[in-house]
Amino acid sequence: MNFYSLNNPEHRVGFKEAVIRGIAPDKGLYFPERITPLPTAFFDEIESLSYQEIAFTAIQQFVEEDLPAEKLREILDQMLDFNFPLVELEENIAALELFHGPTMAFKDVGARFMAHCLGHFFEGGKEEVTVLVATSGDTGGAVANGFLGVHGVQVVLLYPSGKVSDIQEKQLTTLGQNITALEVRGTFDDCQTMVKTAFLDQDILEKRKLTSANSINVARWLPQLFYFLFAFKQAKTKGREIVFSVPSGNFGNICAGIVAQKLGMPVSHFIAATNSNDVVPRFMQTGKYSPKISVATISNAMDVGDPSNFIRIQNLYKNDFTLLSRYFSSYSFSDVETKSAMKKVYDTSGYVADPHGAVGYLGLTTYQQQHPGSYGIFLETAHPVKFLPVVEETLGIVPEIPIQIQKVMGKEKKSIPISTYEDLKSLLIKN
Ligand SMILES: *Cc1c(COP(=O)(O)O)cnc(C)c1O
């Protein structure tokens, strides 16, 4: 299967090339040439299939030229070693918990898959690749963890000093080996600017092959479609039409869900729930796409002012606004609404939602008011302890710290402080 650039359908590369490049030379996102629906028998018998079997069947068509079946099975076995439970909160509402992985955020699956792919592509060779990532929190932790010890890959993470949570900082800075954490005196935007500059800097590119690990990369984006199939496996017996509500920032996760729909999974509607960064909800109301500078919220992994994957979503619905509106809605919620949803969920069902999950819950209940009768699944994308201060303050409880987090909290932080782009450049050229 080839992937083409959304800026130029003539530019086509295989899966391996798309993963190594991340983005096409014309800055277009890579998009699969075809999405061939799976046989209906697959969906008929999905309850009897393991997570690994489901994942294998779903992703094989996209990767088969560059990942032989045996290698793909091996990767999926190693990567899907935790659970994705669907927890029913009300008669027609369930949370799909995606936070049982090593860093307790849903990005673990995509990061692990991408790490295994790069590890395979560079295995045994002399060449090395450097994954350069700016992170405001969860991405860095998942990437660092996924790539730890992967041969042929160096990871360099940039994070803004003092602006990530204690837990997140520990997840970024305590791993060692092939992971280097750079603590930037500045904001997340400064980190991101430095990374973008490095990708265009010939002096660096002569020394290193650079790639990124955000959801633009097809190896991080596509495996997220597994979640929706895993949810379907668990919810199918309800015998009702299924709708998904996905807390969205760069819209990679929900976009992968739409790929699952294209593969033939019965789902009647997708709801993209956002915080006050409402570019997409506005687009759905006005038909006009106007990116904005992001504003800070309590669901900070979704503070995105120009979601990179929305163009892929439009493409999946043939760039047809009427078709898009039939299957896709988007709503925005303030921090005040998010906190009161956290309280409501806790009071009615005893469930502790993190701020991102709470935004997903709000999207779902808003949609269901007009469309009762559906079985609604919202994605719970991070464990509540990752947003401890908000959870404690809003619910008045102290959640138990899970073992993954306890382990990392006791380790020693190792980071290299940097202030300017020149600092980054000399580090990348030197090592
Ligand atoms: C990244 C992230 C999101 C947003 O996912 P997108 O694919 O960027 O829309 C939501 N919740 C959490 C906890 C995240 O880390």
Side-chain angles (χ1 to χ4, degrees), residues 29 95-111 113-114 133-146 159 164-165 167-168 171-172 188 192 212-228 244-260 270-275 277-281 294 297-313 316 328 330-333 338 342 352-363 378-388 390-391 405:
L29 268 61
L96 179 69
E97 293 186 345
L98 300 180
F99 55 69
H100 295 278
T103 74
M104 317 218 84
F106 84 93
K107 293 182 172 73
D108 280 328
V109 161
F113 188 75
M114 182 178 166
V133 194
T135 180
S136 55
D138 277 354
T139 300
V143 167
N145 211 284
Y159 73 97
V164 302
S165 74
I167 291 175
Q168 287 173 332
Q171 288 181 327
L172 297 171
F188 170 63
Q192 202 153 31
S212 73
N214 50 30
S215 57
I216 285 176
N217 196 299
V218 291
R220 246 207 66 197
W221 164 57
L222 272 176
Q224 299 175 138
L225 72 89
F226 303 160
Y227 299 141
F228 297 83
F244 281 100
S245 175
V246 185
S248 297
N250 262 322
F251 286 66
N253 202 6
I254 191 166
C255 183
I258 298 169
V259 175
F270 288 96
I271 300 125
T274 75
N275 55 33
N277 293 284
D278 61 351
V279 174
V280 173
S294 65
T297 71
I298 56 168
S299 47
N300 61 18
M302 312 198 293
D303 294 349
V304 180
D306 186 7
S308 41
N309 286 288
F310 191 57
I311 182 167
R312 282 183 170 141
I313 293 181
L316 283 162
F328 180 92
S330 191
Y331 310 109
S332 149
F333 303 95
T338 305
M342 287 166 70
V352 180
D354 97 293
H356 303 79
V359 169
Y361 173 86
L362 281 168
F378 72 93
L379 274 49
E380 188 29 300
T381 47
H383 193 289
V385 298
K386 295 200 82 178
F387 299 88
L388 206 53
V390 184
V391 172
I405 306 287

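We count ligands from 1, going down the list as the structure has it; atoms in each ligand are counted the same way.
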Query raised in the report: In terms of the angle between their ring planes, are His356 and Phe387 parallel, tilted or perpendicular, with boundaries placed at 30° and 60°?
Result: tilted
Query - Ligand-residue contact atoms, ligand 1 with Pro247, heavy atoms, under 4.0 Å - result: 4 (C), 10 (C)
Query raised in the report: Looking at ligand 1, does any of its N/O atoms fall within less than 3.5 Å of an N/O of Ser248?
Result: no
Requested in this report: Would you check the N or O atoms of His356, main chain and side chain alike, for any that come under 3.5 Å of an N or O of ligand 1?
Outcome: no
Query - Proximity to ligand 1 by part of Lys386, non-hydrogen separation under 4.0 Å - result: neither
Query raised in the report: Does the side chain of Tyr331 come within less than 4.5 Å of Ile271's, by heavy atoms?
Result: yes
Query raised in the report: Of Thr274, Ile313, Asp278, Val279, which meets side chain to side chain contact (heavy atoms under 4.5 Å, CB included) against Ser330?
Result: Thr274
Query raised in the report: Side chains of Thr135 and Gln168: closer than 4.5 Å at any heavy-atom pair?
Result: no
Query raised in the report: Is the side chain of Ser245 donor-acceptor paired with the backbone N or O of Gly360 at a distance under 3.5 Å, no angle test?
Result: yes
Query - Donor-acceptor pair, side chain of Lys386 and main chain of Ser165, under 3.5 angstrom - result: no
Requested in this report: For a side chain to side chain donor-acceptor pair (under 3.5 Å) with Ser215, tell me which candidate from Asn309, Asn253, Thr139, Asn250 qualifies.
Outcome: Asn309
Report summary line: Looking only at protein heavy atoms, what sits closest to atom 11 (N) of ligand 1 is Thr381 OG1, 2.8 Å
**Report entry** Proximity to ligand 1 by part of Gln224, non-hydrogen separation under 4.0 Å
**Finding:** neither
Requested in this report: Taking the side chain as every heavy atom from C-beta outward, state whether Leu379 and Phe106 have any pair of such atoms under 4.5 Å apart.
Outcome: no
Requested in this report: Decide yes or no for Val385 and Val391: does some side-chain heavy atom of the first lie under 4.5 Å from some side-chain heavy atom of the second?
Outcome: no
Query raised in the report: Under a heavy-atom criterion of less than 4.0 Å, does Ser215 contact ligand 1?
Result: no
Query raised in the report: Can you list the ligand 1 atoms lying under 4.0 Å from a non-hydrogen atom of Lys107?
Result: 1 (C), 2 (C), 3 (C), 14 (C), 15 (O)
**Report entry** Per-atom contacts of ligand 1 with Asn250, taking only distances under 4.0 Å to non-hydrogen atoms
**Finding:** 6 (P), 8 (O), 9 (O)
Report summary line: Distance col, row Leu362:CG vs Phe333:CZ, nearest 0.5 angstrom, shows 5.0 Å
Requested in this report: Could you tell me which atoms of ligand 1, counted from 1 in the order shown, lie closer than 4.0 angstrom to a heavy atom of Ala382?
Outcome: 13 (C)
Query raised in the report: If you measure from each non-hydrogen atom of Ala105 to ligand 1, which part falls under 4.0 Å: side chain, backbone, both or neither?
Result: neither
Query - Sub-4.0 Å heavy-atom approach of Phe106 to ligand 1 - result: yes
Requested in this report: Note the single closest protein heavy atom to atom 4 (C) of ligand 1, along with its residue, its atom name and the distance in Å.
Outcome: Gly249 N, 3.6 Å
Query - Close-contact set for ligand 1 against Asn253 heavy atoms, below 4.0 Å - result: 7 (O)
Report summary line: Gly252 heavy atoms within 4.0 Å reach ligand 1 at atoms 6 (P), 7 (O), 9 (O)
